[in-house]
Peer 1: 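Here's a structure for you.
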Protein chains: 2
Amino acid sequence: MNMKKVVNIENPLNEKTDELIKKSLRKNRVIEIFGKCVIEYEGRASSHLGLGDRLILLKPDGTLLVHTKNQREPVNWQPPGSRHYCKTKDQKLVVISKRKSPEEKLVIEFFDVFSISSLDLVDEEELELNRSEEEMGDLLVEKPWIIEKGFSVIKREKETELGYIDLFGEDDRGNKVIIELKRKRISLSAVSQLKRYYDSLKNKYTNLRGLIVGPSVSEKSKNLLNEHGLEFVKLKPEACELGTDLTEYIDN
Amino acid sequence: MNMKKVVNIENPLNEKTDELIKKSLRKNRVIEIFGKCVIEYEGRASSHLGLGDRLILLKPDGTLLVHTKNQREPVNWQPPGSRHYCKTKDQKLVVISKRKSPEEKLVIEFFDVFSISSLDLVDEEELELNRSEEEMGDLLVEKPWIIEKGFSVIKREKETELGYIDLFGEDDRGNKVIIELKRKRISLSAVSQLKRYYDSLKNKYTNLRGLIVGPSVSEKSKNLLNEHGLEFVKLKPEACELGTDLTEYIDN
DNA sequence: ATCTGGATTTCGATG
DNA sequence: CATCGAAGTCCAGAT
């Protein structure tokens, strides 16, 4: 069953780890290092991280991740496209990752290495993700009556001077309608975004409405919508999955 | 030197891996699994990921990460605070992670396991990060003349009806000044944000200016600033680090 | 290369 | 718990 070759050193000696990492980098393997280290970063920002235990992950696409025992986010990293190097200096393993444009450099100095594994990962599958904002758009193009009776879509992703409008359409009285879709509760910045689109088209269309569509809206956002004469339409992203009962919208 | 105990199985048998993972979870270790798996997610969104090789990371704070050989971002994950479980079903290792509020569930079914390591990571260090937007604020509070001659800061993080203003101050002619700080090139949404703050205070102060401070500004954003009567002031975040030569601002 | 906006954003601060 | 905005955001798509 386990025909896959895992290179694994439990108590790595520095002279050997150096070699192993270099070879694994050449072979485009994913490399994982548990170790005690100090980290310096210099680039878009700059940072210093004192001595501690971390897990370092080197990916064949040039990604480098430094994970601590907490948090979803890496404490330090290099984005895809970086170049990784490694050497032994003063008896210590040093891993360096650089990229250009923007110029960025990460230096990891190991004071102890607990474990190294490296492996060729084969993965051709792509993630199928549902309930995105895009799916909300798909649903409304197909069933525009969910917005309101008589509504019709003219254009998806309409470009304006000031950004892209999710849906542009027309109501049963001939008003043009700008629709901004959100899969989460409506925030102030979402309202500002809609207002910006509205302003960019209000000179072009005399009868113009602006709708924001999402699962809910905060109090302040609702007030701001009212001030600007914009409207809110309730629609939860989970309603946009196939086979969902939409009868609650049917009296529109 | 290597007194740290690394639990490491190179060719894990499923009966043993089950036990090892359960024990490591109890002991709050960081667990890393290389394996071939299928993944289902159901929660804020939903997703399916077909058979492929991945690296799974389980953290003691309840974070779970699934990394493929590419990208900085995990292809699937659970945020901190989730609960991890593991079992053997149909001779296959299954790892499950759940959280409530919002309800989310991730199920990883392994068809092959290549390597497992688990380790107690000790890390008390905090990251020292420089060149943040906050540091730009620190500098301008200390040296307000960088904005312009005669400018003075009245308040940091001033709250308004429609959000928090980074800096609120006054110029040498008695105009009140709203300042929005950005460490990156100014985008349309940054301008919208400043406009929102400006609108929320323009009734309160008759002589009001709105400045946006950042390293550069896009053409569209510059136009939108002009339309609204708002202003741009150039300041790079790296200038906010200690010991930087600020003579280029000194004629202000 | 830049611009634009979404994201299972995450994260921290604040009320 | 909700709101708000930054982030070395990342990332995809469009120009």
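Each chain gets a letter, A, B and so on, in the order its sequence line appears, and its residues count up from 1.
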Peer 1: Could you measure the distance from the CD atom of A/Glu109 to the CZ atom of A/Phe111? Nearest 0.5 Å is fine.
Peer 2: 4.0 Å

Peer 1: Rounded to the nearest 0.5 Å, what separation is found between the NZ atom of A/Lys195 and the NZ atom of A/Lys202?
Peer 2: 5.0 Å

Peer 1: Residues from residues 211-226 of chain A sitting under 4.0 Å of DNA chain C, heavy atoms only?
Peer 2: none

Peer 1: Once you round to the nearest 0.5 Å, how far does CD1 of A/Ile96 lie from OG of A/Ser82?
Peer 2: 13.0 Å

Peer 1: Over all strands shown, is A/Ser101 touching base, sugar-phosphate only, or nothing at heavy-atom distances under 4.0 angstrom?
Peer 2: sugar-phosphate

Peer 1: Just verifying a value: how many Å separate A/Arg156 CZ and A/Leu181 CG, rounded to the nearest 0.5 Å?
Peer 2: 7.5 Å

Peer 1: Would you classify A/Glu180 as touching base, sugar-phosphate or nothing, given that sugar-phosphate means primed atoms plus P, OP1 and OP2, and contacts are heavy atoms under 4.0 Å?
Peer 2: sugar-phosphate

Peer 1: Decide side chain to side chain contact (heavy atoms under 4.5 Å, CB included) for A/Glu32 and A/Leu55; before the verdict, give the C-alpha distance in whole Å, the side-chain angles of both, and the deciding distance to 0.1 Å.
Peer 2: CA-CA 7 Å; A/Glu32 162 268 335; A/Leu55 183 145; 4.1 Å; yes

Peer 1: State, yes or no, whether a side-chain contact exists between A/Val177 and A/Phe168 at a heavy-atom distance under 4.5 Å.
Peer 2: no

Peer 1: Report the C-alpha distance between B/Glu133 and B/Arg183 in whole Å, list the side-chain angles of each, state the deciding distance to 0.1 Å, and finish with yes or no for salt bridge (charged side-chain N to carboxylate O under 4.0 Å, His left out).
Peer 2: CA-CA 6 Å; B/Glu133 189 184 293; B/Arg183 61 183 306 286; over 6 Å; no

Peer 1: Near DNA chain D, under 4.0 Å by heavy atom, which residues of residues 128-136 of chain B?
Peer 2: B/Leu129, B/Ser132, B/Glu133

Peer 1: Could you give the distance separating D/dG8 and D/dC4 at their P atoms, to the nearest angstrom?
Peer 2: 23 Å

Peer 1: Reckon A/Gly163 touches a base, only the sugar-phosphate, or nothing at all at heavy-atom distances under 4.0 Å?
Peer 2: sugar-phosphate

Peer 1: Taking atom types as modelled, is there a side-chain donor on B/Gln78 or B/Tyr41 under 3.5 Å from an acceptor on the other?
Peer 2: no

Peer 1: Looking at B/Lys158, I'd like to know if its NZ atom is crowded, meaning that more than 12 non-hydrogen atoms belonging to other residues, nucleotides or ligands lie closer than 6.0 Å.
Peer 2: yes

Peer 1: Quick check for you: to the nearest 0.5 Å, what is the distance between A/Leu106 atom CG and A/Ser47 atom OG?
Peer 2: 7.5 Å

Peer 1: Say we look at D/dC11 and C/dC11: how far apart would their P atoms be, to the nearest angstrom?
Peer 2: 15 Å

Peer 1: Could you tell me whether A/Glu42 and B/Arg131 have a side-chain N and a carboxylate O separated by less than 4.0 Å?
Peer 2: yes

Peer 1: What is the nucleic acid contact for A/Leu162, judged by heavy atoms within less than 4.0 Å: base, sugar-phosphate only, or nothing?
Peer 2: sugar-phosphate

Peer 1: Would you call B/Glu161 and A/Lys220 a salt bridge, using N to O less than 4.0 angstrom?
Peer 2: no

Peer 1: Does a salt bridge link B/Asp53 with B/Lys36, judged by any charged N lying under 4.0 Å from a carboxylate O?
Peer 2: yes

Peer 1: Base, sugar-phosphate, or nothing for A/Gln78, non-hydrogen atoms under 4.0 angstrom?
Peer 2: base

Peer 1: What residue pairs, at least two apart or across chains, pass salt bridge (Lys or Arg N to Asp or Glu O under 4.0 Å) with a residue in residues 62-78 of chain B?
Peer 2: A/Arg72-B/Glu73, A/Glu73-B/Arg72

Peer 1: Counting primed atoms plus P, OP1 and OP2 as sugar-phosphate and everything else as base, spell out the protein contacts along nucleotides 10-15 of chain D at 4.0 Å heavy-atom distance: B, S or - for each nucleotide, 5' to 3'.
Peer 2: SSS--S

Peer 1: Name the first nucleotide and the last nucleotide along DNA chain C (5' to 3') that come under 4.0 Å of a heavy atom in chain A.
Peer 2: C/dA1 to C/dG12

Peer 1: For the C1' atoms, the ones on C/dT9 and on C/dG5, what distance do you get once it is rounded to whole angstrom?
Peer 2: 12 Å

Peer 1: How many angstroms lie between CD1 in B/Ile165 and OG1 in B/Thr160, if you round to the nearest 0.5 Å?
Peer 2: 5.0 Å

Peer 1: Just wondering, do B/His84 and B/Ile21 contact through their side chains at under 4.5 Å, heavy atoms?
Peer 2: no

Peer 1: Tell me, which of residues 193-204 of chain B have any heavy atom that sits under 4.0 Å from an atom in DNA chain C?
Peer 2: none

